[in-house]
Amino acid sequence: MKFDTICLVETPEGIDLHAELVGLVPRSLAYGIDLLVRIGILTVFGIAVALTGGKLGGLWLVAYFLLEWGYPVAFEVYRNGQTIGKKAFNIKVVNDDLTPIQFGPSLVRNLLRTADIFPFFYVFGAISICLTSRFQRLGDLAAGTVVIYAEEPAYDSSALDDVTPVTPVMALSEAQQTAFINFSLNRGNLSQARQQEIAEIIRDVIPQRIDDPVDYVRGVGKWLLGAK
Amino acid sequence: MKQLEFERLHNDFWNRMQRILEGAEIIESERSTEFPSDYRRLCQHLAMAKSRRYAPGLTNRLNQLVGLGYQSLYGQRIKDHGQIVEFLVTGFPAALRSNAPYLWIAGALFVLPYLAMMIACLFNDQMLYSVMSAGEVRMMEAMYEPSVEKFGRESQASTDLWMFGFYIYNNIGIAFKCFATGLFAGVGSLFMLAYNGVVIGGVSGHLTALGYTETFYPFVIGHGSFELTAIAFSGAAGLKLGWALLAPGKHTRIKAMHYAAIDAIKIMYGVFIMLTIAAFLEAFWSASASIPIAVKYLVGAILWVAVYYYCFFFARAKVRLYIEHNAAR
């Protein structure tokens, strides 16, 4: 079985849109946050009901019902596929063609929680997420929805502003060029030591007289990107 | 073309598209016709960036913009004007009538155990204890004592509002579970239907044998039309889901289940509405002891006829047209 966390969808323009699928752990944690939010609301409401002498206990049960079944649906439909927990983890629910989720599919996937919970603690849902290629629980499968990361980290070419372009002394293969470019652009995400380590790996294509491989690789990367 | 030059050339365009797509900039009306072609240009840029193997950061940014554009061009907006009325007039009856086989099976699965258990309990006063504990049976008997002021599931602190909440929470929850467990090849729905039939039939038979007919039937007849019918409907929706898994036909199992769910969920919208009505009736009408029994029977009978007329006979020609139209799509 091929495991890949990228979900590709072809648009009518012939473009492959990609989105990164979310696995079991972030989804469970997001669910946990939503659970705490719901418990919090019910506790506050419950105290309010108790203070008014318990006459409004019926409303508390209605609120319990609405929070259990309606909370995820309302957030997914009107808050761009994100409940509070999902927002905290920067993930969202979309249709499997990556269009925004509508009321029907949202209701299907949330009503079918009952099947995912079975027999306890979302065991079936967890198994389903682990076994399906697009990390879908049973409700997702029936509703035709996937959970994806909301957005990729923003791209910033200004990361290269402090670099002087360096002309490479030898011909670089396509794969090497890509490696140089990606390293130079992604530097912000790496620690100093890790950068050093990676630059050392490509020591072969770095001239011996260069003292700081990191600066050299970034310079070549900038040159390859087209700076002169 | 080198990447930086490509970026220099198009960066203004991308930034403008980003502002538009994120809603920060409104497109003037005379320029809104340009959006599709602008979007296609964006797609072209993404394709170029990919084929030229520009850095992932740039491809990701373009992918993100194209994704937003794709959603605003092709994503369905939620239209709620007139949708509820359309659903009630044609959508719900159409969903029911085009799934008649599931309704028959679900109905039978509920009614036959109901009748069997009711008859058994009429003739054997120990029978009910096979499905309910002694405490539950005692509670059930106490509820329908002809001497009590209020009928139905009561507790000391209860008010009509409290009971309304209980019925909403409990009954709609049962219906949702009856639907969802259909995902297990229909087995869950089968079980839920038959089990509810056995328990409810058992209680009716037991209380009839005790002679509590003066309290029990006037209590249940009003909301029963909505409640019992809706439970059977939710089971039917679950069976449809399960059957799609067992016999997917020309689709893959996942696709078949997906299509079945689109249809089944329409039944569930209706089930939700019916059970909300049932909860209102049960809490504020059925439980009232001040309404004469004759009136309760009369209204109850009218409600049963009305529910079944609406579900299966109301606006037949119009609903048939609606079903054909939707099947053609």
Side-chain angles (χ1 to χ4, degrees), chain A residues 9 11-19 54-65 68-69 77-78 94 97-100 102-105 107-108 111-116 118 138-139 141-144 151-157 174 177-178 181-182 184-186 222 224-227, chain B residues 1-7 39-40 43-44 46-47 50 53-58 60-61 63-64 66-67 70-71 74-76 78 157-166 168-170 172-173 176-177 179-184 188 241 254-255 257-258 260-262 264-266 268-269 283:
Chain A
V9 171
T11 74
E13 289 75 23
I15 297 292
D16 274 332
L17 269 184
H18 69 258
K55 285 215 179 75
L56 297 174
L59 289 184
W60 189 87
L61 279 168
V62 173
Y64 183 23
F65 169 82
E68 183 171 343
W69 300 101
V77 176
Y78 294 104
V94 289
D97 60 0
L98 301 185
T99 52
Q102 304 102 31
F103 187 76
L107 194 65
V108 170
L111 286 195
L112 292 180
R113 271 181 196 289
T114 310
D116 281 302
F118 199 79
L138 300 173
L141 290 171
E151 56 196 32
E152 313 277 345
Y155 164 62
D156 185 13
S157 62
E174 201 174 353
Q177 291 185 24
T178 313
I181 290 173
N182 290 346
S184 56
L185 284 172
N186 288 340
K222 188 163 182 181
L224 287 169
L225 283 168
Chain B
M1 195 188 288
K2 294 286 190 184
Q3 178 176 336
L4 286 181
E5 198 185 337
F6 181 70
E7 280 183 50
Y39 164 68
R40 278 193 290 277
C43 289
Q44 193 203 354
L46 174 59
K50 277 185 178 170
R53 291 165 197 263
Y54 288 153
L58 178 65
N60 282 347
R61 180 181 176 199
N63 181 74
Q64 203 179 319
V66 168
Y70 169 69
Q71 294 190 353
Y74 299 105
Q76 292 162 16
I78 307 145
S158 73
T159 61
D160 289 348
L161 184 64
W162 203 94
M163 292 318 292
F164 171 70
F166 176 79
I168 286 276
Y169 168 73
N170 188 56
I172 301 183
F176 284 176
K177 280 167 191 154
F179 164 63
T181 51
L183 202 56
F184 303 128
L241 213 55
I254 301 290
K255 271 279 170 242
M257 181 169 71
H258 179 51
I262 290 174
I265 201 71
K266 289 179 192 149
M268 294 309 292
Y269 295 155

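Note that these values count all heavy atoms, side chains included, but never hydrogens, waters or copies made by symmetry. Order of the sequence lines sets the chain letters (A, B, ...), proteins ahead of strands, with each chain counted from 1.
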Asker: Name the region of B:Ile168, side chain, backbone, both or neither, that has any atom closer than 4.5 Å to a heavy atom of chain A.
Answerer: both
Asker: Below 4.5 Å from any heavy atom of chain A, which atoms of B:Lys266 appear? Answer side chain, backbone, both or neither.
Answerer: neither
Asker: Do you know which two heavy atoms are closest between B:Asn63 and A:Asp16, and how far apart they sit?
Answerer: OD1-O, 3.9 Å
Asker: Quick one: do A:Leu141 and B:Leu183 satisfy side-chain contact (heavy atoms from CB on, under 4.5 Å)? Show the steps, please.
Answerer: CA-CA 11 Å; A:Leu141 290 171; B:Leu183 202 56; over 6 Å; no
Asker: Quick check: closest heavy atoms across A:Ala115 and B:Ala180, and the distance to 0.1 Å?
Answerer: CB-O, 3.8 Å
Asker: May I ask you to name which of B:Tyr54, B:Phe164, B:Phe184, B:Phe179 has the most heavy-atom pairs under 4.5 Å with chain A?
Answerer: B:Phe184
Asker: Report the distance from atom CD of B:Gln71 to atom OG1 of A:Thr11, rounding to the nearest 0.5 Å.
Answerer: 12.0 Å
Asker: Are side-chain N/O atoms of B:Tyr70 and A:Glu13 paired as donor and acceptor at under 3.5 Å?
Answerer: no
Asker: So which part of B:Leu241 gets closer than 4.5 Å to some heavy atom of chain A, the side chain, the backbone, both or neither?
Answerer: side chain
Asker: Begin from the C-alpha positions of B:Asn60 and A:His18 and carry the test side-chain contact (heavy atoms from CB on, under 4.5 Å) through to its verdict.
Answerer: CA-CA 9 Å; B:Asn60 282 347; A:His18 69 258; 3.2 Å; yes
Asker: At what distance, to the nearest 0.5 angstrom, does CZ of B:Phe166 lie from CG of A:Leu61?
Answerer: 8.0 Å
Asker: Quick check on A:Glu68 against chain B: is it the side chain, the backbone, both or neither that has a heavy atom closer than 4.5 Å?
Answerer: side chain
Asker: Need one label for B:Phe6: side chain, backbone, both or neither, based on atoms under 4.5 Å from any heavy atom in chain A.
Answerer: neither
Asker: Let me know if A:Trp60 has heavy atoms under 4.5 Å from chain B in its side chain, its backbone, both or neither.
Answerer: neither
Asker: CG/B:Leu46 to CD1/A:Ile15 distance, rounded to the nearest 0.5 angstrom?
Answerer: 5.0 Å
Asker: Identify which part of A:Ala142 has an atom lying under 4.5 Å from any heavy atom of chain B, answering side chain, backbone, both or neither.
Answerer: both
Asker: Atom CE in B:Met257, atom CG in A:Leu138: separation rounded to 0.5 Å?
Answerer: 7.0 Å
